[in-house]
Amino acid sequence: ETGVTQSPTHLIKTRGQQVTLRCSSQSGHNTVSWYQQALGQGPQFIFQYYREEENGRGNFPPRFSGLQFPNYSSELNVNALELDDSALYLCASSSGTSSYEQYFGPGTRLTVT
Amino acid sequence: QQQVKQSPQSLIVQKGGISIINCAYENTAFDYFPWYQQFPGKGPALLIAIRPDVSEKKEGRFTISFNKSAKQFSLHIMDSQPGDSATYFCAASKRGGVGAQKLVFGQGTRLTINP
């Protein structure tokens, strides 16, 4: 069984640029959730994708968008980067909206300068 | 309604001692309460979880105690070891519907086990 993987590991971008982060869900999982974790804080829910459709969104602006592909992998896109977007971006996968357990990937560390 | 409050912010325990971390929630719709362990530079790892139909769950040295009427739950780490030094997060979610499984996290507790 393959765990959740994310790429890239680290990324440095300039304010105003756009970024795409990628996540491969655990084998057999069809649901992916994205979280933002600022330094010293708990993760904050961005949105969730279930069977290629957005299934709930947290308190993040529209410049945060996502996609889920037929193989259930997912992308997080952030446009017009701001300094406060610097954080660890985590994806978590689960086996459908009726299950509880979510398993996190190692995260992508994004630094905006 | 969506908050989960965690305490203490940091905790130092001697090797072999008991580490206790507490959380309180507001939303009575929550029906799943996991604890995650996170090491520096890593993603959170699911440690143990409980549902509100039981008051206690034990897995090895880790125990969750749950008080539904008080809307509180806690993590106990028995015989704490230096390898347990990490940041611990409590969380809560509800199953089903739009945004199901949206985990609401506490602020985290940095646990240090002194040898």
Side-chain angles (χ1 to χ4, degrees), chain A residues 3-10 21 23-26 29-51 53-60 66 87-111, chain B residues 1-10 21 23-25 27 29-54 57 59 64 75 86-110:
Chain A
V4 180
T5 60
Q6 293 186 242
S7 62
T9 305
H10 296 92
L21 311 181
C23 170
S24 290
S25 59
Q26 187 167 312
H29 286 183
N30 58 13
T31 304
V32 172
S33 302
W34 286 91
Y35 294 81
Q36 179 195 66
Q37 186 178 23
L39 201 61
Q41 302 293 319
Q44 297 287 318
F45 177 77
I46 302 175
F47 44 56
Q48 180 184 85
Y49 279 84
Y50 171 62
R51 292 185 175 178
E53 297 286 332
E54 187 178 289
N55 182 47
R57 188 180 183 92
N59 189 27
F60 281 81
L88 181 68
Y89 288 85
L90 298 160
C91 79
S93 75
S94 56
S95 58
T97 58
S98 294
S99 70
Y100 287 101
E101 292 82 10
Q102 292 188 55
Y103 298 92
F104 283 83
T108 294
R109 172 68 65 186
L110 173 65
T111 302
Chain B
Q1 275 281 310
Q2 291 294 311
Q3 272 192 315
V4 175
K5 296 183 179 179
Q6 183 172 346
S7 63
Q9 196 170 10
S10 63
I21 305 171
C23 283
Y25 64 98
N27 188 345
F30 289 145
D31 61 357
Y32 175 68
F33 302 89
W35 284 89
Y36 283 86
Q37 178 190 58
Q38 187 175 31
F39 293 104
K42 305 293 185 183
L46 180 61
L47 194 60
I48 186 173
I50 198 168
R51 293 190 56 194
D53 51 347
V54 297
K57 183 174 181 180
E59 289 184 1
I64 300 179
L75 175 69
T87 299
Y88 291 80
F89 292 96
C90 62
S93 72
K94 61 183 178 70
R95 188 177 75 168
V98 175
Q101 308 171 315
K102 166 190 170 182
L103 286 167
V104 179
F105 282 86
Q107 298 91 326
T109 296
R110 179 172 288 185

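Below, chains carry the letters A, B, ... as their sequence lines are ordered, and counting in each starts from 1.
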*asked:* Can you tell me which portion of B/Arg110 sits under 4.5 Å from chain A's heavy atoms? Options are side chain, backbone, both or neither.
replied: neither

*Select one option (side chain, backbone, both, neither) describing which atoms of A/Gln37 are under 4.5 Å from chain B's heavy atoms.*
side chain

_From CG (A/Leu88) to CD (B/Gln38), nearest 0.5 Å_ = 6.5 Å

*Stepwise, does the side chain to side chain contact (heavy atoms under 4.5 Å, CB included) test hold for B/Tyr36 with A/Gln102?*
CA-CA 10 Å; B/Tyr36 283 86; A/Gln102 292 188 55; 3.8 Å; yes

*Mind checking whether A/Phe45 and B/Phe105 have ring centres under 6.0 Å apart?*
no

*Is there a side-chain contact between B/Leu46 and A/Tyr100, using heavy atoms and a 4.5 Å cut-off?*
no

_Can you tell me which portion of A/Tyr35 sits under 4.5 Å from chain B's heavy atoms? Options are side chain, backbone, both or neither._
side chain

*Residue among B/Lys42, B/Gln6, B/Arg51 with most heavy-atom pairs under 4.5 Å to chain A*: B/Arg51

*In Å and rounded to the nearest 0.5 Å, what is the CD to CD distance from A/Gln41 to B/Gln107?*
7.5 Å

_If you count heavy atoms of other groups shown closer than 6.0 angstrom to CD of A/Gln44, is the number above 12?_
no

*Minimum-distance pair of heavy atoms, taken over all atoms of B/Pro44 and A/Leu90*: CD-CD1, 3.7 Å

*CG (B/Asp53) with more than 12 external heavy atoms under 6.0 Å*: yes

*asked:* Within a 6.0 Å radius of atom CZ on A/Arg51, are there more than 12 heavy atoms belonging to other residues, nucleotides or ligands?
replied: no

*Assess whether atom CD of B/Glu59 is packed by more than 12 heavy atoms of other residues, nucleotides or ligands within 6.0 Å.*
yes

